[in-house]
Amino acid sequence: MSRPIRLADLAAAHGLELRGDGDHMVSAVAPIERAGPEAISFLASASHRPFLAQTRAGAVIVKSADAAACPTAALLSDNPYASYARIAQQLYPSARPEPGVHPTAVIADGCRLGAGVSIGPLAALGTGCVLGDDVIVGPGCVLADRVELGAGSRLVANVSVGEGVRIGARALIQPGAVIGADGFGFANDGGTWVKIPQVGSVIIGDDVEVGANTTIDRGTLEDTVIGDGVKLDNLIMVAHNVRIGAHSALAGCVGIAGSAVLGQRCTVGGGVGINGHIEVVDDVHVAGMSFVNRSVATPGAYASGLPLMPTREWRKNMVRLKQLDELARRVAALEKQLKNA
Amino acid sequence: MSRPIRLADLAAAHGLELRGDGDHMVSAVAPIERAGPEAISFLASASHRPFLAQTRAGAVIVKSADAAACPTAALLSDNPYASYARIAQQLYPSARPEPGVHPTAVIADGCRLGAGVSIGPLAALGTGCVLGDDVIVGPGCVLADRVELGAGSRLVANVSVGEGVRIGARALIQPGAVIGADGFGFANDGGTWVKIPQVGSVIIGDDVEVGANTTIDRGTLEDTVIGDGVKLDNLIMVAHNVRIGAHSALAGCVGIAGSAVLGQRCTVGGGVGINGHIEVVDDVHVAGMSFVNRSVATPGAYASGLPLMPTREWRKNMVRLKQLDELARRVAALEKQLKNA
Amino acid sequence: MSRPIRLADLAAAHGLELRGDGDHMVSAVAPIERAGPEAISFLASASHRPFLAQTRAGAVIVKSADAAACPTAALLSDNPYASYARIAQQLYPSARPEPGVHPTAVIADGCRLGAGVSIGPLAALGTGCVLGDDVIVGPGCVLADRVELGAGSRLVANVSVGEGVRIGARALIQPGAVIGADGFGFANDGGTWVKIPQVGSVIIGDDVEVGANTTIDRGTLEDTVIGDGVKLDNLIMVAHNVRIGAHSALAGCVGIAGSAVLGQRCTVGGGVGINGHIEVVDDVHVAGMSFVNRSVATPGAYASGLPLMPTREWRKNMVRLKQLDELARRVAALEKQLKNA
């Protein structure tokens with residue numbers, strides 16, 4: 001799956017300074033403590049520095065300050081982890097299906113397919129879809145009418161995209177994702193629910209990744225908007241009218257309720273719930289399993305998950321928690337009593 | 001996507017009193033603060049009343065008490081939000097595929113299709129399925145044997161329905177939903193699990209909506225039952241033997257464990273977990289990210305989500321929370337000491 | 001759906017002692033309080049013992065200590081629930097599609113299909129897939145290149161499996177599951193994310209069940225590993241590099257972050273979140289809606305879900321919770337003051 005390359009060529013391709021034998025070939029990436037001579041590794045955090053002296057890697061990507069301590073070839077980078085990511089991309093190019101439309105795919109009228117487009121077996125495109133160059137629509141994907149996919153985007157398999165959804169360039173949409181289903185909007189009329197048509201769409205920027213079985217609903221009147229470079233993990237729920245700022249990254253099982261606005265460069269841990277109609281500014285970092293119950297106006301780190309306890313202790317503490325307001329009142333009473341004493 | 005209509009015709013169609021020019025045409029709905037003359041809007045909550053005087057909307061749906069303050073045409077309704085929903089449905093009729101069976105669909109033996117049924121490309125129906133009039137089975141949907149779909153129901157795309165599942169009239173099932181997978185039932189035998197066959201089914205009433213990638217498992221011996229008018233958002237998990245009462249609405253990422261019973265007209269916020277084998281009465285409203293760990297016998301509002309804190313404060317508070325029982329004992333000791341003093 | 005059988009034959013097939021008429025036929029399983037003469041039931045817990053004297057069941061599976069109290073035929077078992085599960089499997093054999101490849105399925109070059117394999121309508125297999133005997137690939141399933149499925153495994157419908165994933169024997173994969181999507185790995189480079197290729201795979205042992213719309217990501221460099229006999233419910237997220245030990249069972253909506261290790265024979269309740277890069281030993285049992293924020297080194301029962309409160313009480317208690325550290329300090333100050341008094 002990987003292709004071998006000379007260290008000197010790697011260094012040149014990624015603009016890194018090489019210390020060591022430029023003719024050495026590497027064909028793999030591996031963790032620094034397990035890498036062999038055919039592998040390139042990296043040193044990103046101080047906690048792994050003890051492994052450097054013993055590494056058997058063919059080369060290690062390091063900051064220049066660590067170059068002297070590297071017993072093998074070193075590639076110098078200001079950001080070894082990012083350089084490693086790019087080198088790994090080069091060593092392990094993702095397999096691309098052949099261009100062309102598989103005979104079992106169904107393409108409705110009026111679709112425009114760019115150069116190099118690949119439509120896999122048993123995929124279905126509605127009328128008037130527009131696919132940029134090199135788009136890949138994998139097996140079992142369903143596009144409704146008038147979907148637009150930017151150049152280089154890939155829908156892996158069994159992805160569903162609703163009417164009129166627009167996805168930018170170089171998107172990677174993992175299997176089972178659903179983009180552009182109806183938002184959840186109903187008016188209550190004497191105890192029953194009247195559906196509110198969801199006539200907005202979903203607009204996704206460039207370089208977005210959407211995880212497996214993640215769902216992004218269409219807007220009610222306006223659009224649900226996912227900014228450039230946003231990365232969404234699996235089983236995330238993005239409700240109608242939500243806006244996610246550029247380069248934010250959300251881990252698995254996050255739910256964002258309707259009309260919430262999340263800023264740019266935010267990170268959201270797994271299992272977090274974000275309330276509807278709130279606004280979170282740029283550069284907010286929310287720990288896993290938190291509940292963002294209110295707007296966040298100040299960048300920084302936030303949390304609210306309850307830590308694990310042995311069940312017996314948990315039970316006792318939770319009884320007290322349900323009486324916490326009363327406990328606080330009792331403490332205040334004691335303080336008053338002592339002050340008056 | 002929308003179709004223009006005279007205000008007088010709208011008023012007549014929805015049984016509303018019109019104040020203003022009946023010949024004015026509207027073709028869109030829009031928020032009151034952004035609507036132009038071609039759009040109809042509504043005033044549902046007092047918080048939006050300041051926008052009424054300045055609105056440029058072609059018409060506004062208001063309660064009669066607000067009619068005098070409306071600077072443009074007014075449609076009088078006791079429930080402006082519900083009237084707005086119905087008018088929006090009329091202005092934005094959902095696109096229907098042509099009736100007929102797409103040549104790439106696979107229909108097994110013994111299926112009965114009502115008048116006007118549309119089976120999309122690459123859909124597969126098992127043996128003996130029964131589809132009422134005007135049912136739409138979208139692209140990529142898979143129905144196992146003996147599935148029944150009531151008149152006017154629509155499975156949008158890539159929906160999976162298990163053997164013998166019965167869905168009522170006018171259902172709307174969003175992409176990726178799975179209805180009738182096996183419930184999660186295993187007996188432990190000396191450390192390994194023995195599967196308990198899940199021989200019940202799923203029975204869904206009329207006018208139910210099921211969100212994208214939501215899953216509803218079949219019952220173990222009896223059926224999992226979803227009442228009339230229930231609305232389920234995306235990525236909800238309904239386990240085996242659960243019963244959800246009519247007209248309840250559940251937001252995204254809710255999980256309901258096995259054999260739980262939820263009453264009628266309940267609302268459940270996003271991310272809520274509901275314990276198995278408990279019973280929640282009618283008219284209970286649970287806030288997002290709560291844990292319904294016990295039965296609820298009294299209608300009303302409930303919650304248990306932990307509010308967000310800056311991580312530094314969160315850390316300190318959580319250390320204390322794990323010692324809360326001890327803290328309460330210390331307070332009691334202080335009280336005793338002071339009483340004796 | 002079920003097939004009638006003589007009690008004597010059932011007893012012999014399952015190695016159980018029969019007390020009663022061996023010629024009596026049963027054709028169903030039912031709860032002890034509702035079973036009729038055609039049904040077999042079981043008594044697993046003391047709480048159901050009051051129903052035993054009145055049962056109308058054709059036979060009841062009981063521990064030998066309960067045999068005397070059984071008013072009808074009794075099958076004696078050390079583990080009535082497990083015996084019941086196996087007998088139910090015999091009475092309700094799951095319907096198998098006919099062997100063969102449906103004409104609408106797409107099988108790429110180089111696949112090897114064992115004896116009795118069934119490939120359903122509109123399924124797609126990539127190149128070089130290897131399917132053991134009696135494998136069932138249901139309608140709409142998509143296998144990428146070089147997927148391996150062990151003998152007797154079944155993918156029900158619309159399942160997506162990524163390149164090179166290996167699944168053991170007798171797996172049951174419910175609809176919509178995604179196995180082998182890319183893990184969520186990115187390096188941050190000056191505010192934007194660089195994708196880290198996910199070149200590991202997913203390796204699943206024998207006798208594993210994967211629930212509807214559950215996702216299991218492929219590893220970054222090494223593999224994500226699911227042990228023998230593991231049972232995963234619906235809408236579970238298993239991130240890259242996770243290892244789940246044999247015979248662990250996870251309920252719906254659980255999320256496990258990257259590189260977490262879960263031991264053998266663990267049980268995890270619904271909605272639990274498990275942090276990345278932690279290790280949970282064998283025989284740990286986590287209650288629903290908990291947050292496993294740290295490694296767990298001791299077997300036993302753990303929890304952290306916040307119990308439900310009426311919203312008014314919840315609000316007051318949460319205000320106090322956010323000040324809990326301060327409250328604890330005030331209690332300490334009172335203690336000091338009284339000690340000094």
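Owing to the predicted nature of the structure, the values given are computational and were not obtained by experimental measurement. To find a chain, count down the sequence lines: A is the first, B the second, and so on, and within it residues start at 1.
Proximity to chain A (any heavy atom under 4.5 Å) is restricted, for B/Arg265, to the side chain, taken from C-beta onward. At a 4.5 Å heavy-atom cutoff, A/Ile274 makes no contact with chain B through either its backbone or its side chain. Heavy-atom distances place no part of B/Pro103 under 4.5 Å from chain A, backbone and side chain included. With a threshold of 4.5 angstrom between heavy atoms, B/Leu232 approaches chain A through N, CA, C or O but not through any side-chain atom. Looking at B/Gln89, both its backbone and its side chain come within 4.5 Å of chain A, counting heavy atoms on both sides. Heavy-atom distances place no part of B/Thr214 under 4.5 Å from chain A, backbone and side chain included. Heavy atoms of A/Ala301 lying under 4.5 Å from chain B belong to its backbone as well as its side chain. Contacts between B/Met309 and chain A at a heavy-atom distance below 4.5 Å involve backbone atoms as well as side-chain atoms. Only the backbone of B/Leu250 comes within contact range of chain A, judged by heavy atoms closer than 4.5 Å. Only the backbone of A/Asn188 comes within less than 4.5 Å of a heavy atom in chain B; its side chain stays farther off. Using a 4.5 Å cut-off between heavy atoms, B/Asp233 touches chain A through backbone and side chain atoms alike. Only the backbone of B/Gln323 has a heavy atom closer than 4.5 Å to any heavy atom of chain A. Proximity to chain B (any heavy atom under 4.5 Å) is shown, for A/Val319, by neither the backbone nor the side chain. Heavy atoms of A/Leu221 lying under 4.5 Å from chain B belong exclusively to its side chain. Contacts between A/Met237 and chain B at a heavy-atom distance below 4.5 Å involve backbone atoms as well as side-chain atoms. For chain A, the nearby parts of B/Val331 are the backbone and the side chain; heavy atoms of each come within less than 4.5 Å. With a threshold of 4.5 angstrom between heavy atoms, B/Ala246 does not approach chain A through any atom at all. Interface remark: A/Ala239 contributes no atoms to any contact with chain B (heavy atom separation under 4.5 Å). Looking at B/Arg34, only its side chain comes within 4.5 Å of chain A, counting heavy atoms on both sides. The contact between A/Arg330 and chain B is made by backbone and side chain atoms together, counting heavy-atom distances below 4.5 Å. For A/Ala287, no part sits under 4.5 Å from any heavy atom of chain B, backbone or side chain.
Ranked by heavy-atom pairs under 4.5 Å with chain A, the list B/Asn317, B/Asp78, B/Asn79, B/Asp283 is led by B/Asn79. Residue with the most contacts toward chain B among A/Ile196, A/Val286, A/Asp189: A/Asp189 (heavy-atom pairs, distance under 4.5 Å). Note on B/Ala44, B/Ala88, B/Gly140: by heavy-atom pairs under 4.5 Å with chain A, the leading option is B/Ala88. Comparing B/Cys253, B/Ala212, B/Gly138 by heavy-atom pairs within less than 4.5 Å of chain A, the highest count is held by B/Ala212.
Side-chain atoms of A/Leu334 and B/Glu335, non-hydrogen and from C-beta on, do get closer than 4.5 Å to each other. Considering only heavy atoms from C-beta on, A/Leu324 comes within 4.5 Å of B/Leu324 through its side chain. Contact check for A/Trp193 versus B/Glu209: no side-chain heavy atoms found under the 4.5 Å cut-off. Contact annotation: the side chain of A/Val106 approaches that of B/His102 to within less than 4.5 Å [non-hydrogen atoms, C-beta and beyond]. Side-chain contact between A/Arg320 and B/Arg329 is present, with heavy atoms from C-beta onward closer than 4.5 Å.
B/Asn158 and A/Ser160 are linked by a side-chain donor-acceptor pair at a separation below 3.5 angstrom, with hydrogens and angles left out of the test.
A/Asn293 contributes a side-chain N or O that, together with a main-chain N or O of B/Leu308, makes up a donor-acceptor pair within less than 3.5 Å. No donor-acceptor pair under 3.5 Å is formed between the side chain of B/Asn213 and the backbone N or O of A/Leu235.
To the nearest 0.5 Å, the span separating OG on A/Ser304 from CE on B/Met318 amounts to 7.5 Å.
Looking at every heavy atom in both residues, B/Pro310 comes nearest to A/Arg294 through CD-NH2, 4.4 Å.
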